[in-house]
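Reading through the structure tokens given below for one structure.
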Amino acid sequence: MMKAIYPGSFDPVTNGHLDIIQRAAILCDELIVAVLDNEEKKTVFSVNERMEMLENSLKELPNVKVLAFDGLAVELARRENAHLIRGMRDIGDFRFEWEAAQLNKTLGKIETLFLMTNPQYAFISSSRIREIARLGGNVSDWVPESVQKYLLRLSRNNTQDSFSRK
Ligand code: PNS
């Protein structure tokens, strides 16, 4: 039985994340999408909103469930007796992911499995999507329709949200 956890911020979930989830769900018997709920990591959307966006997009995948987590991803993986799964967009992601995978292997003897991001999504990130949406751009190629509704709110409020890769 192959069980895996796909941890992330999902602020918001993008079609790039969903592509990884769909492909991972084929490889696993059970996939848990674990949404980081950590006050130190500021997000634009609340953990409930981020989970809602994921759940709305994953209704057709019976072996995928969504939960919130606080603390170390590796501890969650140990508790669930699962591997970790991460997407890798490009060489820019490699350094961060390599370090995290080595730490998680050392901390909890947990393997991280990587799926290469589909090239059509390799240049998008949640933060870019938020930025474009906030400035009134069209993000319909990169997020599902249900997520676009949440993003509309950013454009009305015009909140501060400086750029990062995630
Ligand atoms: O979507 P993101 O922001 O790239 O996800 C990063 C995430 C949530 C996977 C990472 O920050 C994480 O695992 N945080 C939980 C705390 C933890 O385990 N830190 C040690 C990482 S080696």
Side-chain angles (χ1 to χ4, degrees), residues 3-25 27-28 30-58 64-118 120-134 139 142-144 147 150-151 154 159-166:
K3 189 171 175 182
I5 293 175
Y6 179 41
S9 305
F10 306 108
D11 190 35
V13 63
T14 66
N15 288 345
H17 295 126
L18 293 173
D19 180 59
I20 296 285
I21 294 169
Q22 280 154 10
R23 287 158 57 203
L27 301 173
C28 303
E30 192 182 340
L31 179 68
I32 298 173
V33 180
V35 182
L36 185 69
D37 179 18
N38 180 339
E39 282 188 2
E40 278 163 38
K41 184 145 183 188
K42 293 283 170 230
T43 54
V44 170
F45 296 104
S46 71
V47 67
N48 286 339
E49 289 171 326
R50 288 178 283 137
M51 289 175 73
E52 222 168 75
M53 286 186 257
L54 277 158
E55 277 156 1
N56 289 339
S57 311
L58 297 174
V64 179
K65 72 176 181 188
V66 180
L67 56 73
F69 82 107
D70 186 7
L72 291 170
V74 72
E75 287 305 326
L76 177 65
R78 279 178 70 86
R79 270 203 309 279
E80 295 285 343
N81 197 18
H83 303 296
L84 290 169
I85 288 213
R86 291 282 288 167
M88 181 105 62
R89 284 171 297 192
D90 60 13
I91 197 98
D93 277 349
F94 179 80
R95 180 87 219 171
F96 176 91
E97 297 298 341
W98 178 82
E99 277 177 16
Q102 299 296 350
L103 286 166
N104 288 331
K105 184 80 190 292
T106 310
L107 276 169
K109 300 197 170 36
I110 292 292
E111 296 288 358
T112 305
L113 312 174
F114 292 99
L115 292 180
M116 297 312 296
T117 298
N118 189 324
Q120 94 190 84
Y121 304 123
F123 53 88
I124 65 166
S125 62
S126 296
S127 59
R128 283 285 195 205
I129 297 295
R130 293 194 306 266
E131 182 185 25
I132 295 167
R134 202 179 59 249
V139 291
W142 304 306
V143 293
V147 172
Y150 289 80
L151 286 163
L154 299 186
T159 52
Q160 287 299 309
D161 175 23
S162 59
F163 173 73
S164 74
R165 279 180 59 83
K166 295 293 178 180

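Counting starts at 1 for both ligands and their atoms, in listed order. Every value quoted in this text rests on a predicted model; they were computed, and no experiment measured them. By convention here, the first residue in the shown sequence is residue 1. When reading the values below, keep in mind they use all heavy atoms of this one structure, side chains included, and skip hydrogens, waters and symmetry mates.
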Notebook entry, point to check: Can you tell which of G108, G87, S125, A73 gets a heavy atom nearest to atom 18 (O) of ligand 1?
Noted result: A73

Next item on the list: Can you establish whether the number of heavy atoms outside E39 located under 6.0 Å from its atom CD is more than 12?
Entry: no

Check: What part of R86, side chain, backbone, both or neither, has a heavy atom within less than 4.0 angstrom of ligand 1?
Finding: side chain

Note to self: For ligand 1, which is the ligand I care about here, please tell me if L103 has any N or O atom under 3.5 Å from one of the ligand's N or O atoms.
What the structure shows: no

Notebook entry, point to check: For ligand 1, which atoms sit closer than 4.0 Å to a heavy atom of A100?
Noted result: 22 (S)

Margin query: How far is atom 3 (O) of ligand 1 from the closest protein heavy atom, and which atom is that?
Written below: S9 OG, 2.6 Å

Next item on the list: From the options K3, K105, R78, select the one residue that forms a salt bridge (Lys or Arg N to Asp or Glu O under 4.0 Å) with E111.
Entry: K105

Notebook entry, point to check: Side chain or backbone of L36 under 4.0 Å from ligand 1, or both, or neither, by non-hydrogen atoms?
Noted result: side chain

Note to self: Please check: side-chain N/O of D90 versus main-chain N/O of D93, any donor-acceptor pairing under 3.5 Å?
What the structure shows: yes

Margin query: Can you check atom 16 (C) of ligand 1: any protein non-hydrogen atom closer than 4.0 Å?
Written below: yes

Note to self: So, 4.0 Å and heavy atoms of G71: is ligand 1 close enough to count as a contact?
What the structure shows: yes

Next item on the list: Report yes or no: do K41 and S9 form a side-chain donor-acceptor pair below 3.5 Å?
Entry: yes

Check: With a 4.0 Å cut-off on heavy atoms, does K41 reach ligand 1?
Finding: yes

Margin query: Strictly distance-based, threshold 3.5 Å: is any side-chain N or O of D19 a donor or acceptor partner for the main-chain N or O of N15?
Written below: no

Check: Of the protein's non-hydrogen atoms, which lies at the shortest distance from atom 20 (C) of ligand 1, and what is that distance?
Finding: L72 CD2, 4.0 Å

Check: With a 4.5 Å heavy-atom cut-off, do V35 and F69 have their side chains touching?
Finding: no

Next item on the list: Taking only Lys NZ, Arg NE, NH1 and NH2, and the carboxylate oxygens of Asp or Glu, determine whether E131 and R128 approach each other closer than 4.0 Å.
Entry: yes

Check: So, the side chain of D11 versus the backbone of V44: is there a donor-acceptor pair under 3.5 Å, distance only?
Finding: yes

Next item on the list: Please check if a non-hydrogen protein atom sits closer than 4.0 Å to atom 10 (C) of ligand 1.
Entry: no

